[in-house]
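Everything on this sheet refers to the single structure shown next.
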There are 2 protein chains.
Amino acid sequence: MTENRVGFRYLILGLIAERPMSGYDIMRFLENLNWLIGAPSCGSLYPALRRLLQDGLATVEVVAQGNRPPKKLYHISDEGRRLLREWTEQPSAPGTPRAFAMRLVAANSRSPAELVAELERRKSELAGPLARLGHSLGGPEGDDSGTALALRYARTVAAAEVGWLNDALTRLRGSTPQPLDSATRLQG
Amino acid sequence: MTENRVGFRYLILGLIAERPMSGYDIMRFLENLNWLIGAPSCGSLYPALRRLLQDGLATVEVVAQGNRPPKKLYHISDEGRRLLREWTEQPSAPGTPRAFAMRLVAANSRSPAELVAELERRKSELAGPLARLGHSLGGPEGDDSGTALALRYARTVAAAEVGWLNDALTRLRGSTPQPLDSATRLQG
DNA sequence: AAGCGCATGTAAAAGGTTACATGATTAC
DNA sequence: GTAATCATGTAACCTTTTACATGCGCTT
């Protein structure tokens, strides 16, 4: 339920692959995406960083700062980079917007072809549910139970995702405009 | 990181509050929302159901079915309903689309005023990030790193959510015009 | 005969949450 | 003087994941 726990490890790895970060930096970064990805608690972040060190996936550089408490900058190691690459290359599992966004951030530096594959996978994951949501709810009228609201919310999010995926795919492919079908244009 | 674990308990409670369900029914229902909420594994679902029984929040009715394995229908108890109500009444915490959707499903049967408060809270949670994402990315050009894609994805999702929230709020207020009380104003 | 849908469960290992703990600096 | 920011960490408790386990009926 909680969603692939290991994903968190790769998210950290992906972040420190772009630039060395401290635990605090990572928390700050993720707090900005709290509404989408969620931020880790100290109690999960710091042990996770230690595990990266123990597994040889990262190294640490202690930076003294005048008066402030010293900062520990984590750098990704070669082994870490290798593992991240390996994970990136295997196809992603179905999941929530959170998992999808996490993977985009974690697996930065991918080739356009890899990104296209990732986005296509997400698109195909959404196709079924979006179609079902499309005709299980006639229009915007009627029921205001929590469940009905949730389903309309779900339809809106799915439609927005598919719309974005189409745009992004078009751009990544360099200019092969895809005809937009009605399903992708649905609005709440 | 994993997102409020307890939410799952209330999600189950909310589902069996609408109609009695078996563990298998719950899995089926959630598999349809796998792309948004995620589905629990057997290893988390069945123990969770047992805990509900142990805590007196649910009762079980065993239904024999010809040849098929017997089904266990879980019913919410009075105590379960009370606890669900209590949880529903306290303001929701910030979280991901998944957590938001889970709470909509779990806390079905709320008054329009309560729903308005819930939606306003989400809207205010999204306002800041959406504004930041709006001008940290000029337009749809440029960078195709995973992080840049993720941020544009985030902006799309946030914008869609806010659009839906505005529509839903208009409808909820239209059908039952509510004077603004302290609860709704609190969330700004 | 193989695989899927129905239907429920268990166990070990791993990890997260919550709450606590420290301590200096800056801002109101 | 009180709170917030920076910055890291620990420990008990609980939950999830992953894999295994069962067994019938139906379809290909």
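Order of the sequence lines sets the chain letters (A, B, ...), proteins ahead of strands, with each chain counted from 1.
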Problem set entry | Sugar-phosphate, base or nothing in reach of B:Pro40, heavy atoms under 4.0 Å | nothing
Exercise. Rounded to the nearest Å, what distance is computed from the CG atom of residue B:Leu11 to the P atom of nucleotide D:dT15?
Worked result: 15 Å
For this session: Could you state the atom-to-atom distance from CZ of B:Arg50 to P of D:dT16 in whole Å?
Result: 14 Å
Exercise. Quick one: do A:Glu114 and A:Arg103 make a salt bridge, cutoff under 4.0 Å?
Worked result: no
Problem set entry | Those residues of residues 84-103 of chain A lying under 4.0 Å from DNA chain D by at least one heavy atom | none
Exercise. Should B:Glu31 and A:Arg132 be marked as a salt bridge (charged side-chain N to carboxylate O under 4.0 Å, His left out) after you check the CA-CA gap, both sets of side-chain angles, and the distance that decides it?
Worked result: CA-CA 13 Å; B:Glu31 268 163 25; A:Arg132 263 177 262 124; over 6 Å; no
Problem set entry | Degree of bending in the helix from C:dA1-D:dT28 to C:dC28-D:dG1 once both end axes are built from five pairs, to 10° | 40°
Problem set entry | Basic-acidic side-chain contact under 4.0 Å: B:Arg82, B:Glu86 | yes
Seminar exercise, completed: Outermost contacting nts on DNA chain C, any atom under 4.0 Å from chain B heavy atoms, listed 5' then 3', are C:dG5 to C:dT17
Output a table of donor-acceptor pairs, distance under 3.5 Å, between side-chain atoms of residues 55-65 of chain A and any protein atom two or more places apart or on a different chain; print 'none' if there are none.
unit_1	atom_1	unit_2	atom_2	d
A:Asp55	OD2	A:Arg9	NH1	3.1
A:Asp55	OD2	A:Arg9	NH2	2.9
A:Glu61	OE1	A:His75	NE2	2.5
A:Gln65	NE2	A:Pro69	O	2.8

Exercise. Which residue pairs pass the side-chain hydrogen bond (donor to acceptor under 3.5 Å, both in side chains) test when at least one of the two sits in residues 42-52 of chain B, sequence neighbours left out?
Worked result: none
Exercise. Whole Å only: how far is the CD atom of A:Gln65 from the P atom of D:dC6?
Worked result: 11 Å
For this session: Using a cut-off of strictly less than 4.0 Å between a heavy atom of the residue and any atom of DNA chain D, enumerate the qualifying residues of residues 18-33 of chain B by number.
Result: none
